[in-house]
Amino acid sequence: MYSLVKVYGAQVIGIKSTTITIEVNTARGIKFFLVGLADAAVKESHERIVAAMSYNGYHFPTSQIIVNMAPADVRKEGAAYDLPLALGIMGASDMVRVDKFSRYMIVGELGLDGSLQPVKGALSMAIQAQRDGFEGLILPEQNAREAAVVEHLKVYGAANLKQVIDFFNGEDVIAQTVVDARREFFSTKEESDYDFADVKGQENVKRALEVAAAGGHNIILVGPPGSGKSMMAKCLPSILPPLSLEESLETTQVHSVAGLVGEGVSLITKRPFRSPHHSISSVALVGGGAHAQPGEVSLAHNGVLYCDEFAEFSRSSLEVLRQPLEDRHITISRSRYTVEYPCSVMLMASMNPCPCGYYNHPTRECVCTPTQVQKYLNRISGPMLDRIDLQVEILPVSFDELSHAPKGEPSAAIRERVVFARKIQENRFREYPLVYCNAQMTSRMIALCSQPTSQGLKLLKDAMEKLDLSARAYDRILKVARTIADLDNSPRVEACHIAEAISYRMLDRGNWATR
């Protein structure tokens, strides 16, 4: 009988993973000890392992068993340790051959009948297994395709405990899961149920959304009910550039940690579009909780976070969004650890202009006083508005436009221009890591890439003085102007580009809510 056996599992912290060494020692006695900073879910694995072994014809050892999970200062959480713990106990009791244990990382939650349940963070675990030089990863079959996108790592998806025991005893072979990540990524076609061709009128709003998509800028639409705000938001993904393979892997990693990668899915190939309800809590929006899970802003990483009824969100929820929107990552600190989630998102928000919703409506009368209108708009703080590059008013389309307007420009044509502008930005920022679009430019990069002509500078100066804009708004205008110039394939930021960028600062005009 082997007195000491080592098995290797993994602990996911944020979107990164750490290899956990599980040491099992057997000796005279009848007690079971589990040490190494394990949480309740890990400690409860004892009962699941006993039941799973019994169901598959094995008896839990009657000797004293000591299990150590190293490193001891890393908290072990979740039920993904069930499978490696069971194998370690059985290996130390001479029920399973242990000669191949060191070659594999093993994860999986056990059912009472020995079946394997899916785990969270399989992609992060696979990346860590490959990085630490393991030959393969054994995990539940539901997670196999997700983990198999990692190159130079053998991934085996098992259905139950018996199958894994037979694999190590040489009595059965688990089929290796093979996924050609590049082929699968490039063979996936993006389709959208919404198209700008179906939107009648609203040409100025379509143009603003094109500019926002081309530069990855945040945008807010302000208008009465029925003006098409939600429809425009649903059409936005149809003009966004496709994900790169690197972005796809990073997005999949975040969703994997949250357990949102569907069964049989290997990669997320479409840009996320998350639309949380305005009653959402701050923790659900930016992430956190007892186990520091990613929030909606991280689940929208490399995609769109759409906040409908923006003014109805709680003030605390909106204010907590400010730093992640600026830094493009969110740090969640706990007493024992700190995790960081990426959140490079394009924020799209929409809201009514007043409590009744009909301020500035062409045919319906608003019943709100100017004070009520201003108070409603003030629910969105100045610092929050500063982080929204484009602020656009949207009005209802008239009956004549709805009934006689020709079909609009299709999303495919708009997307071609957006992709063209993004390629210019990709070449511009080739030397800057983690910068892919104009919205991500720093102040130093703005000074290098977005200097306007003398006429444009004069126009911007006049706007800054008349509208009393902040320094952050100054940077935002230059970023948007640079994107408009890219859409025009212009190496210089002209006065016309500055003028259009200024026109998208509707809420900065002090008299907008009192006209």
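Bear in mind that the values here come from a model prediction, so they are computed numbers and not experimental data. Side chains are part of it too, since the values below use all heavy atoms of this structure and drop only hydrogens, waters and symmetry mates.
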query = Taking R415 for the side chain and L240 for the main chain, is one N or O donor matched with an acceptor at less than 3.5 Å?
reply = yes
Sorted by chain and number, sequence neighbours left out, side-chain hydrogen bond (donor to acceptor under 3.5 Å, both in side chains) with S124 holds for Q253
To the nearest 0.5 Å, atom OH of Y194 lies from atom CE of M231 at 7.5 Å
| query | Quick one: do D486 and R428 make a salt bridge, cutoff under 4.0 Å? | reply | yes
Original post:
Do the side chains of F196 and I414 get nearer than 4.5 Å, heavy atoms only?
Top reply: yes
Taken in chain and number order and not counting sequence neighbours, the residues that satisfy salt bridge (charged side-chain N to carboxylate O under 4.0 Å, His left out) with E141 are none
One thing to verify: whether E319 and R315 come together as a salt bridge, which I'm taking to mean a side-chain N less than 4.0 angstrom from a carboxylate O.
yes
Between the CD1 atom in I446 and the CG atom in D475, the distance rounded to the nearest 0.5 Å is 4.0 Å
Residue set satisfying salt bridge (charged side-chain N to carboxylate O under 4.0 Å, His left out) with D113, at least two apart, ordered chain then number -> none
Taken to the nearest 0.5 Å, the spacing of M53 CE from I89 CD1 works out to 7.0 Å
Looking at R387 and P383, would you say the former's side chain and the latter's main chain have a donor-acceptor pair under 3.5 Å? yes
Note to self: Are more than 12 heavy atoms, taken from residues, nucleotides or ligands other than R182, located less than 6.0 Å from that residue's CZ atom?
What the structure shows: no
In this structure, OH of Y306 is separated from CE of M346 (nearest 0.5 Å) by 12.0 Å
Next on the checklist: Is the shortest side-chain heavy-atom distance between V304 and R274 below 4.5 Å?
Outcome noted: no
>> side-chain hydrogen bond (donor to acceptor under 3.5 Å, both in side chains), that's the test. Do S344 and Q440 meet it? Break it down for me.
In response: CA-CA 9 Å; S344 181; Q440 298 173 328; 3.0 Å; yes
- Task: Check whether any side-chain heavy atom of I106 lies under 4.5 Å from a side-chain heavy atom of V7, and answer yes or no.
- Result: yes
With sequence neighbours left out, the residues meeting side-chain hydrogen bond (donor to acceptor under 3.5 Å, both in side chains) with T251 are N302
Between T252 and I268, is there a donor-acceptor pair closer than 3.5 Å when you use the side chain of the first and the backbone of the second? yes
So, N218 side chain and L347 main chain: donor-acceptor pair closer than 3.5 Å or not? yes
Taking the six-membered ring of F167 (Phe, Tyr or Trp), confirm whether the NZ or CZ of K100 is under 6.0 Å from its centre and within 45° of its axis. yes
Q.
Using a 6.0 Å cut-off, check whether atom CD of E340 has over 12 heavy atoms from anything other than its own residue.
A. yes
Kindly say whether P61 contributes a backbone atom to a donor-acceptor pair with the side chain of S93 at under 3.5 angstrom?
no
Indicate every side-chain donor-acceptor pair of residues 78-87 with a distance under 3.5 Å to a residue at least two apart or in another chain.
{"residue": "Y81", "atom": "OH", "partner": "A10", "partner atom": "O", "Å": "3.3"}
{"residue": "Y81", "atom": "OH", "partner": "Q11", "partner atom": "OE1", "Å": "2.7"}
{"residue": "D82", "atom": "OD1", "partner": "R48", "partner atom": "NH2", "Å": "3.1"}
{"residue": "D82", "atom": "OD2", "partner": "R48", "partner atom": "NE", "Å": "2.6"}
{"residue": "D82", "atom": "OD2", "partner": "R48", "partner atom": "NH2", "Å": "3.4"}
{"residue": "D82", "atom": "OD2", "partner": "L110", "partner atom": "N", "Å": "3.1"}

(message) Would the distance check show the side chain of D195 and the main-chain N or O of P410 forming a donor-acceptor pair, the cut-off being under 3.5 Å?
(response) no
Under 3.5 Å donor-acceptor, H329 side chain and Y341 backbone: no
Item checked: pair L137-Q130: side-chain heavy atoms closer than 4.5 Å -> no
Hits for salt bridge (charged side-chain N to carboxylate O under 4.0 Å, His left out) against D389, two or more places apart or cross-chain, chain-then-number order -> R476
**Asked** Does CD1 belonging to I30 count more than 12 external heavy atoms closer than 6.0 Å?
**Response** no
Hits for ring pair (Phe, Tyr, Trp, His ring centres under 6.0 Å) against H255, two or more places apart or cross-chain, chain-then-number order -> none
dist S266:OG -> E146:CD (nearest 0.5 Å) comes out at 9.0 Å
> Has the side chain of R482 got a donor or acceptor atom that lies under 3.5 Å from a matching backbone atom of C449?
Replying inline: yes
d(R322 CZ, M384 CE) to nearest 0.5 Å is 8.5 Å
For Y436, the ring pair (Phe, Tyr, Trp, His ring centres under 6.0 Å) test, sequence neighbours excluded, returns none
Note to self: For Y156 and T177: C-alpha separation, side-chain torsions, deciding distance, then whether side-chain contact (heavy atoms from CB on, under 4.5 Å) applies.
What the structure shows: CA-CA 6 Å; Y156 300 96; T177 303; over 6 Å; no
Next item on the list: Decide yes or no on side-chain contact (heavy atoms from CB on, under 4.5 Å) for H278 and D308, but give the supporting numbers first.
Entry: CA-CA 7 Å; H278 59 76; D308 196 10; over 6 Å; no
So L245 and L267, do their side chains get closer than 4.5 Å, heavy atoms only? yes
Review point. Quick one: are I220 and S350 in side-chain contact, heavy atoms under 4.5 Å?
Key: no
E309 side chain reached by M351 side chain, heavy atoms, under 4.5 Å:
no
Those residues at least two apart in sequence (or on a different chain) that pass salt bridge (charged side-chain N to carboxylate O under 4.0 Å, His left out) with R131 are none
**OP:** Under the side-chain contact (heavy atoms from CB on, under 4.5 Å) rule, what do I20 and K76 come out as? Steps first, then yes or no, please.
**Re:** CA-CA 9 Å; I20 302 298; K76 323 304 183 303; 3.8 Å; yes
Taken in chain and number order and not counting sequence neighbours, the residues that satisfy ring pair (Phe, Tyr, Trp, His ring centres under 6.0 Å) with Y8 are F134
inquiry  = Could you walk me through whether K43 and D39 satisfy the salt bridge (Lys or Arg N to Asp or Glu O under 4.0 Å) test, starting with their C-alpha distance in whole Å, then the side-chain angles of each, then the deciding distance to 0.1 Å, before giving a yes or no?
reply    = CA-CA 6 Å; K43 292 176 180 176; D39 74 349; over 6 Å; no
Check: Is any NZ, NE, NH1 or NH2 atom of the basic residue among R379 and E312 found under 4.0 Å from an Asp or Glu carboxylate oxygen of the other?
Finding: yes
Check against side-chain contact (heavy atoms from CB on, under 4.5 Å), I65 and N25
CA-CA 6 Å; I65 298 173; N25 174 260; over 6 Å; no
Sequence neighbours excluded, the answer for ring pair (Phe, Tyr, Trp, His ring centres under 6.0 Å) partners of F101 is F168
Under 3.5 Å, side chain of K162 to main-chain N/O of S115, donor-acceptor pair present? no
The complete set of ring pair (Phe, Tyr, Trp, His ring centres under 6.0 Å) pairs with one or both residues in residues 35-80, sequence neighbours excluded, reads F32-H46, H46-F60
Note: P118 and N143 closest approach over all heavy atoms is CA-OD1, 3.2 Å
| Within-4.5 Å side-chain heavy-atom neighbours: M232 and L209 | yes
Residues V286 and V320: closest non-hydrogen pair is CG1-CG1, 3.5 Å
Does the K479 side chain pair with the main chain of M441, one donor and one acceptor, at a distance under 3.5 Å? yes
